[in-house]
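Just so it is clear, the structure is predicted and the values come from calculations on it, not from any experiment.
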There are 2 protein chains.
Amino acid sequence: MTLMAGDVAPHEIRQRGLRLTPQRELVLAAVRELGHSTPEEISTHVRKLHPGINLSTVYRNLETLEKAGFLVHTHLGHGGATFHAADATSHLHLVCSNCGSVSEADLAIAKGFVEELVAEHGFQTDITHFAIYGECASCVTK
Amino acid sequence: MTLMAGDVAPHEIRQRGLRLTPQRELVLAAVRELGHSTPEEISTHVRKLHPGINLSTVYRNLETLEKAGFLVHTHLGHGGATFHAADATSHLHLVCSNCGSVSEADLAIAKGFVEELVAEHGFQTDITHFAIYGECASCVTK
DNA sequence: CCGCTAATTGCGAAAGGCTTGCAGGAATCG
DNA sequence: CGATTCCTGCAAGCCTTTCGCAATTAGCGG
């Protein structure tokens with residue numbers, strides 16, 4: 001069985017020492033479904049199904065789920081963190097500072113760069129954890 | 001004559017169509033002196049010399065000075081922007097997510113990476129405008 | 001050196017985003 | 001089923017950044 005986007009297997013959560021609550025399930029499902037998303041977007045999405053969920057519950061669950069390894073957050077600039085499922089980690093985030101679009105690039109593209117940072121500065125980068133800023137192809141040609 | 005850190009040549013500012021106010025001079029001098037710094041740090045520094053300066057004036061001047069090309073801001077994550085002098089732009093920012101230290105690396109180290117992003121994705125990066133996250137050498141060895 | 005006009009400042013209020021304390025409620029475990 | 005500990009909802013609060021407005025002042029042309 002493949003795990004559909006948005007599906008959450010209950011035991012997944014319990015296995016990592018967390019309680020299974022409807023709120024937690026919904027938050028995890030929302031992030032998996034939405035892909036890159038801000039706490040605000042996640043909250044909005046979750047409330048469509050379960051209007052009672054509090055924003056702070058969303059924040060707390062994002063934190064908890066991240067600690068448990070389900071999620072990862074990335075700084076896409078301008079203060080807001082964005083979250084995505086941990087098993088979708090292996091890509092870079094290319095954020096267009098003009099139109100705001102987020103695209104992805106293969107990790108391999110940065111391999112040489114990352115290695116040089118280690119070699120020359122002893123600096124261990126996790127280049128998937130933050131955004132690469134610039135102008136996307138369609139904005140450049142405009 | 002070399003421009004000392006913290007020195008601001010009055011005509012520099014006027015030449016770019018801005019009024020020269022003591023507040024503006026102080027903000028620019030502070031950023032040049034402090035290197036990478038947050039609005040909060042800049043404000044604190046400026047107030048040592050001129051306690052009356054308002055925080056919103058600092059923000060407005062940072063914005064104005066950036067538009068005029070004196071400053072550049074970078075997203076060092078966690079919401080806060082940090083500013084530095086524009087003529088010190090040609091380096092990457094390596095931010096340690098563990099100890100928070102900011103070090104710099106030569107732009108050349110990212111050349112290949114930047115070129116590949118253009119070649120494969122048409123994505124025009126300005127890699128000096130944002131931080132590269134990771135663990136610095138001293139945190140890695142600990 | 002003087003006065004004018006528009007840019008700038010200070011101040012207070014407010015928006016936006018995230019966190020926290022607390023008391024009640026619910027998921028687990030035995 | 002009962003106890004325990006974790007979670008949730010709610011409201012208040014914090015922090016950073018922005019805004020409106022009236023008072024001030026830099027820079028320009030007499």
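Across the protein-nucleic acid pair, Ile53(A) atom CD1 and dC7(D) atom P stand 14 Å apart, rounded to whole Å. Regarding Asn54(A), its CG atom lies at a distance of 14 Å from the P atom of dC18(C), rounded to whole Å. Across the protein-nucleic acid pair, Phe83(A) atom CZ and dC18(C) atom C1' stand 11 Å apart, rounded to whole Å. A straight line from CG of Leu55(B) to P of dC15(D) spans 13 Å, rounded to a whole angstrom. Here dA27(C) presents its P atom at 13 Å from CD1 of Ile13(A), a figure rounded to the nearest Å. If you measure from atom CD of Glu25(B) to atom P of dT9(C), you get 12 Å, rounded to the nearest angstrom. The interatomic distance linking Leu26(A) (CG) with dC7(D) (C1') rounds to 14 Å, in whole Å. Distance Arg24(A) CZ to dA26(C) C1': 12 Å, rounded to the nearest Å.
In this structure, of dG17(C), dG10(C), dT16(D), it is dG17(C) that holds the atom nearest to the side chain of Tyr59(A). Looking at the side chain of Arg60(A), the nearest of the listed nucleotides dC10(D), dC18(C), dA26(D) is dC10(D). Among the nucleotides dT8(D), dG10(C), dC7(D), the one closest to any side-chain atom of Gln23(B) is dG10(C).
A salt bridge links Glu12(A) with Arg32(A): the closest approach of a Lys/Arg side-chain nitrogen to an acidic carboxylate oxygen falls below 4.0 angstrom.
No N or O donor and acceptor, one from the side chain of Ser56(A) and one from the base of dC18(C), sit under 3.5 Å apart. For Arg19(A) and dC6(D), a side-chain-to-base donor-acceptor distance below 3.5 Å is present, hydrogens and geometry of angles not being considered.
Within the structure, a side-chain polar atom (N or O) of Thr57(B) is placed less than 4.0 Å from OP1 or OP2 of dG10(C). Taking 4.0 angstrom as the limit, Arg14(A) places a side-chain polar atom (N or O) nearer than this to OP1 or OP2 of dT28(C).
Between the side chain of Thr44(B) and the main chain of Ile42(B), no donor-acceptor pair closer than 3.5 Å is present. With hydrogens and angles disregarded, a donor-acceptor distance shorter than 3.5 Å links the side chain of Glu66(B) to the backbone of His73(B).
Two residues, Glu40(B) and Thr64(A), neighbour DNA chain D, and the one matched to the more 5' nucleotide by heavy-atom proximity is Thr64(A).
The aromatic rings of His91(B) and His84(B) are tilted relative to each other, their planes meeting at an angle between 30° and 60°. Aromatic ring orientation, Phe130(A) versus Phe130(B): tilted (interplanar angle from 30° to 60°).
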